[in-house]
S.K.: 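Below you'll find the structure I mean.
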There are 2 protein chains.
Amino acid sequence: MALTQTAETRYSKPILVAVNKPFDDEDGLKALRSHPLFSELNGKDLQHLIQQSRRLRPGHHQLLYRQDMPAHHFFFVTSGRLRLYRLDSSGIDRTLDSIAPGDCFAEVMIYADPPRYACYAEALKSSEVLMIPVKAYQDMIESNPKYAQAALRHYAKRAVSRFHDLEIMTVQNARDRLIRYLIDLLPNGAEEGGEVELPLPKCLVASRLAMQPETFSRILADLKANGLVRVNRSRLFISDPQRLIEISQ
Amino acid sequence: MALTQTAETRYSKPILVAVNKPFDDEDGLKALRSHPLFSELNGKDLQHLIQQSRRLRPGHHQLLYRQDMPAHHFFFVTSGRLRLYRLDSSGIDRTLDSIAPGDCFAEVMIYADPPRYACYAEALKSSEVLMIPVKAYQDMIESNPKYAQAALRHYAKRAVSRFHDLEIMTVQNARDRLIRYLIDLLPNGAEEGGEVELPLPKCLVASRLAMQPETFSRILADLKANGLVRVNRSRLFISDPQRLIEISQ
DNA sequence: GGGAGTAATTGACCTAACTCAATTATTTAC
DNA sequence: GTAAATAATTGAGTTAGGTCAATTACTCCC
């Protein structure tokens, strides 16, 4: 596999630059087709888009882009796990989002002006990612305006979901933020209990929720002691979400 | 002015229901035309949209909608000041955004499914707001696909800006969140100093930044004592943003 | 313009959450 | 498979920021 390495940071492995490699994976293609940004595309347009894209296979801690870099591509994940984060002047690393297979990321930069990445993106384990040129997608939408409807729905949904993330962060205490975060991970929300898998290692969930790893650990230990969650590594079992919500009044 | 009052809450004045009233205000129309969601529309389409819309004139503490209500309209502000907030189970009120003339709000709900408002919206002073039926805007875009481009740019921008808001909230200490917030209010960012007006009363800025009003007051007093900001009511003068950033390492 | 209600400030006190440190698990890399 | 690196947990001590309370300053009405 032909890869070249460019710039490096003291926090992560160097940025990965892919040499063209066909995206012919059956499962990957299927996943792509089921994403709202691509599901409306006809076979020819999708094929054309894929031809202009490149496949990346970043490993653990490998950077895909860094904040403030010009954004010429956006990404679709077919396997693995990634995270978005920012670094402030004192080098503190703040996790903003986790990315799973089937997700798109940096896609909002398609219409940013100037198009620069708003954060860093790194793989948390070996992943496979399709790197799509912004221009290719834009051109396609422009030449086929009916595609814009689906994109519009996607972008609006993304804005709503960021708004929701923001809402959690206005909760003033760490315990309640964590509870809100866990409830959101449940497939049916607060409706019924279930098992959830933390999408990030605990120390990064802590960072995402603006608390220290020690605080995260203590809160979780306390919820466990009170029979509110059962913990097995990064899998949590929540039998009664309503009770969790009650104690977070 | 013909208005009817419906449901009420213990937090705000009742929701305002407008009876049709033409939107023929020169300045208002001009403001609307300069918003990305409307600037591309031709005169006829814009006129048609306005005809289907209603004008509201909410007063202080008047509610425009409440969270979880079905969202049939979105809004454009021509004068005044509003805020978006959520209420949690214990009745704590968390401010999520401030809205100024020239802004649109609840517009992301156009493509939500199901379309329900994600928060409350209330006027902070007498304001004038255009209430646009979601369906009217959707129909117009669908019949005129080239309009979708501008909408797409707007939605993407909105998603980026929510992401940025989220980023501030991952900052762990109250002082640094406040500093980041102030820098963002400066017209040129950290580039050069200037005067900023808080878009919300101080107690609501505190709520927006997940801190208590007392904490806000103390931090601001401290920044003032250190010559970092000069304070005059809700107007703050920041002469040296770089110094502010430095101390927030 | 005066009174009611709300917002802002300040002090004293307290506690949630941070820091530092040491130990034990768990991953990752060779 | 084993060593090295990283993540998680737990304890002890400290502090930022929350809480409660009292005072002052605004703002919005009538």
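We name chains A, B, ... by the order of the sequence lines, and we start the count at 1 in each one.
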S.K.: May I have the distance from A:Asn173 (atom CG) to D:dG18 (atom P), rounded to whole angstrom?
M.R.: 10 Å

S.K.: Within the pair A:Arg233 and C:dT27, is there a side-chain N or O less than 4.0 Å away from OP1 or OP2?
M.R.: yes

S.K.: Are B:Asp88 and B:Arg94 within salt-bridge range, i.e. N to O under 4.0 Å?
M.R.: yes

S.K.: Does this structure show an ion pair linking B:Arg81 with B:Asp103, if we count only N-O contacts that are shorter than 4.0 Å?
M.R.: no

S.K.: To the nearest angstrom, how far is A:Leu198 atom CG from C:dT26 atom C1'?
M.R.: 15 Å

S.K.: Rounded to whole angstrom units, what separation is found between the CD atom of B:Gln62 and the C1' atom of D:dC29?
M.R.: 15 Å

S.K.: Within residues 202-219 of chain B, find the residues that approach DNA chain D with a heavy atom at under 4.0 Å, and present them sorted by residue number.
M.R.: B:Ala210, B:Met211, B:Gln212, B:Glu214, B:Thr215, B:Arg218

S.K.: Give the rounded distance in Å between these two atoms: CG of B:Asp176 and P of C:dA17.
M.R.: 18 Å

S.K.: Could you state the atom-to-atom distance from CG of B:Leu124 to C1' of C:dA7 in whole Å?
M.R.: 13 Å

S.K.: Over how many whole Å does the gap from A:Arg235 atom CZ to C:dT26 atom C1' extend?
M.R.: 17 Å

S.K.: Please state how far atom CD1 in A:Ile247 lies from atom C1' in C:dA16, giving the value in whole angstrom units.
M.R.: 15 Å

S.K.: Closer than 4.0 angstrom, basic N to acidic O: yes or no for A:Arg175 and A:Asp222?
M.R.: yes

S.K.: With sequence neighbours left out, write down each residue that passes side chain to side chain contact (heavy atoms under 4.5 Å, CB included) with B:Glu197, or none if nothing qualifies.
M.R.: B:Ser234, B:Arg235

S.K.: Mind calculating the distance between CG (A:Asn232) and P (D:dA8) to the nearest angstrom?
M.R.: 14 Å

S.K.: Are B:Arg158 and B:Glu107 close enough for a salt bridge, meaning some N to O gap below 4.0 Å?
M.R.: yes

S.K.: Using a strict 4.0 Å threshold on nitrogen-to-oxygen distance, state whether A:Arg230 and A:Glu195 make a salt bridge.
M.R.: no

S.K.: Here's a test of your reading of the structure: between B:Ala174 and B:Lys125, which maps to the more 5' nucleotide of DNA chain D?
M.R.: B:Ala174

